[in-house]
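Below is one structure; the comments refer to it alone.
Here is the naming used below: chain letters follow the sequence lines, and residue numbers restart at 1 for every chain.
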Number of protein chains: 2
Amino acid sequence: MKAKEENTELEILNAAKEVFQEKGMAGSRMQEIADKARINKSMLHYYYRSKQLLFEAVFKNAFRLLAPQLNKVLNDDSELFDKIRNFTNNYISFVIGHPYLPNFVIQELNKNPDFIEKLRVEKDFPRIEKFKAQVEDAITRGIIKPIRAEQLFINIMSLNIFPFIAAPLLQGLINVEEKEYRELMERRKTEVADFIINSIRL
Amino acid sequence: MKAKEENTELEILNAAKEVFQEKGMAGSRMQEIADKARINKSMLHYYYRSKQLLFEAVFKNAFRLLAPQLNKVLNDDSELFDKIRNFTNNYISFVIGHPYLPNFVIQELNKNPDFIEKLRVEKDFPRIEKFKAQVEDAITRGIIKPIRAEQLFINIMSLNIFPFIAAPLLQGLINVEEKEYRELMERRKTEVADFIINSIRL
DNA sequence: ATACGGTTCAACCATTTGGTTGACAAATAT
DNA sequence: ATATTTGTCAACCAAATGGTTGAACCGTAT
């Protein structure tokens with residue numbers, strides 16, 4: 001019965017992902033997850049024991065998906081400007097495939113900041129050292145203006161992630177419909193990289 | 001009994017603010033709000049009828065506090081570069097006084113995007129028109145490179161707001177303690193403005 | 001055929017949670 | 001002084017919610 005088992009388990013994880021990522025831990029109901037997975041509520045506990053454990057499974061999965069994205073900035077071998085262009089261009093496609101994911105990770109990390117320590121031990125946890133060296137090297141070689149790698153990294157993340165996290169607010173403020181907002185995001189694929197590079201290039 | 005009445009009502013609103021902003025609508029408990037306000041749970045319903053209405057009171061209050069901040073970018077009379085510098089410098093002080101507020105507004109707007117329409121009718125709802133004209137004027141006069149006002153606005157918001165919303169994640173990624181992260185934020189008061197202006201200045 | 005391990009579910013259970021009620025106290029109006 | 005309105009609370013209530021249980025089911029090894 002191996003096939004069935006893995007199937008149900010995955011079905012649950014998938015349903016849980018959708019519900020948790022959209023409504024957060026506190027706003028999600030086990031019954032809703034069960035319904036979405038088309039199984040009995042008991043099955044959730046049979047496979048994952050408790051809401052907390054099911055949540056953690058979903059969260060870790062989400063982070064494992066997000067981490068490689070961040071590593072494209074921190075641990076990729078490409079040259080600095082290419083890296084910025086690539087990440088910016090790639091990230092939007094990633095978000096379209098996983099619209100709730102980045103916000104989900106950020107929110108639940110806000111509610112439980114200690115959890116980041118548990119993630120850090122996992123392999124592929126993004127580390128800044130390499131990026132830091134790269135930025136410092138580019139400064140020494142006179143390619144970019146002096147800037148702390150941490151600040152540049154925060155800027156890159158901010159410009160790429162925030163417009164999706166705050167979409168409803170921003171949409172309301174600049175007073176555009178969803179369609180036009182998506183077009184704005186589409187243009188950001190190249191514009192954000194230019195904006196960043198313009199700012200730091202010597 | 002006027003004084004007592006207003007007192008209790010405010011006490012409740014204040015306690016509700018703390019709880020709702022930290023835990024969100026779904027994660028908050030009426031009992032916890034009552035405890036924090038040092039009153040009986042019945043009083044919450046006496047003054048605000050339901051959790052939903054109490055929440056909406058808190059939310060509208062929060063937005064009324066946030067709106068003037070955004071208007072410093074959108075509807076202030078100062079010159080573009082000054083405006084960017086002022087906002088950036090000001091915003092961090094605002095966030096220190098209201099650490100959970102921006103994220104609270106953004107999150108609840110995410111869970112209920114239609115709510116923005118109800119806010120738009122309120123006076124002082126931030127509007128982009130003036131800022132748009134100002135940016136277009138600066139482009140025409142050859143002061144800044146061509147850029148859509150919407151994109152510039154999104155960039156300003158992103159660079160200022162995101163580092164606080166995603167603090168635990170970013171702190172973990174760049175691997176610094178809270179204290180050092182606060183110092184990074186402190187430096188951003190001037191650095192972010194420079195970063196933006198560098199990018200758009202001709 | 002039969003025993004056995006994992007899988008599935010309907011029915012339950014205990015607790016939590018938002019909300020109500022009725023009695024009483026404290027102001028205010030008459 | 002007395003009636004009336006307003007504020008406060010302990011005790012309740014019904015529904016929702018996370019979790020448990022025991023029986024049935026099903027594929028497989030013996």
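Atom pair B:Tyr46:OH and C:dA25:C1' shows a separation of 12 Å (rounding to whole Å applied). Regarding A:Glu9, its CD atom lies at a distance of 12 Å from the C1' atom of C:dT7, rounded to whole Å. One interatomic measurement links the two molecules: CE of B:Met43 to P of C:dT20, which rounds to 13 Å at whole-angstrom precision. The separation between A:Asn7 atom CG and D:dC26 atom P is 17 Å, rounded to whole Å. Per the geometry, NE2 belonging to A:His45 stands 8 Å off P belonging to D:dG18, to the nearest Å. The interatomic distance linking B:Tyr47 (OH) with C:dG19 (P) rounds to 18 Å, in whole Å. Regarding B:Lys51, its NZ atom lies at a distance of 12 Å from the C1' atom of C:dG19, rounded to whole Å. Rounded to an integer number of Å, the gap from CG of A:Leu44 to C1' of C:dT7 is 14 Å.
Interface residues of residues 11-34 of chain B facing DNA chain D, ordered by number: none; criterion, heavy-atom separation under 4.0 Å.
Of the N and O atoms on the side chains of A:Asn86 and A:Lys72, not one donor lies less than 3.5 Å from an acceptor on the other residue. The closest side-chain donor-acceptor pair between B:Gln151 and A:Arg187, if any, does not fall under 3.5 angstrom.
Annotation: ring-ring contact (aromatic ring centres under 6.0 Å, His included) contacts of B:Phe59 (sequence neighbours excluded): B:Phe104, B:Phe115. Contacts of B:Phe87 classified as ring-ring contact (aromatic ring centres under 6.0 Å, His included), with partners at least two apart in sequence or in another chain: B:Tyr91. For the side chain to side chain contact (heavy atoms under 4.5 Å, CB included) test, no residue two or more places apart in sequence or in another chain qualifies with A:Lys123.
Sorted by first and then second residue, the salt bridge (Lys or Arg N to Asp or Glu O under 4.0 Å) pairs with a member in residues 148-158 of chain B read A:Glu180-B:Arg148, B:Lys132-B:Glu150, B:Arg148-B:Glu150; sequence neighbours excluded. Within the structure, every pair that satisfies the salt bridge (Lys or Arg N to Asp or Glu O under 4.0 Å) test and touches residues 78-96 of chain B, not counting sequence neighbours, is listed here: B:Arg85-B:Asp194. Within the structure, salt bridge (Lys or Arg N to Asp or Glu O under 4.0 Å) pairs that include any residue of residues 95-117 of chain B comprise B:Glu117-B:Arg120 (at least two apart or interchain).
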Using atom types as modelled, flag every donor-acceptor pair under 3.5 Å from a side chain in residues 50-57 of chain B to any protein atom, sequence neighbours excluded.
| unit_1 | atom_1 | unit_2 | atom_2 | d |
| --- | --- | --- | --- | --- |
| B:Ser50 | OG | B:Leu53 | N | 3.2 |
| B:Lys51 | NZ | B:Met25 | O | 3.1 |
| B:Lys51 | NZ | B:Ser28 | O | 3.0 |
| B:Gln52 | NE2 | B:Glu56 | OE2 | 2.7 |

What pairs of nitrogen or oxygen atoms, one from the protein and one from nucleotides 11-15 of chain D, lie under 3.5 Å apart?
none

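Proximity note for B:Ile39 (side chain, C-beta onward) versus C:dT8, C:dC9, D:dC9: the nearest is D:dC9.
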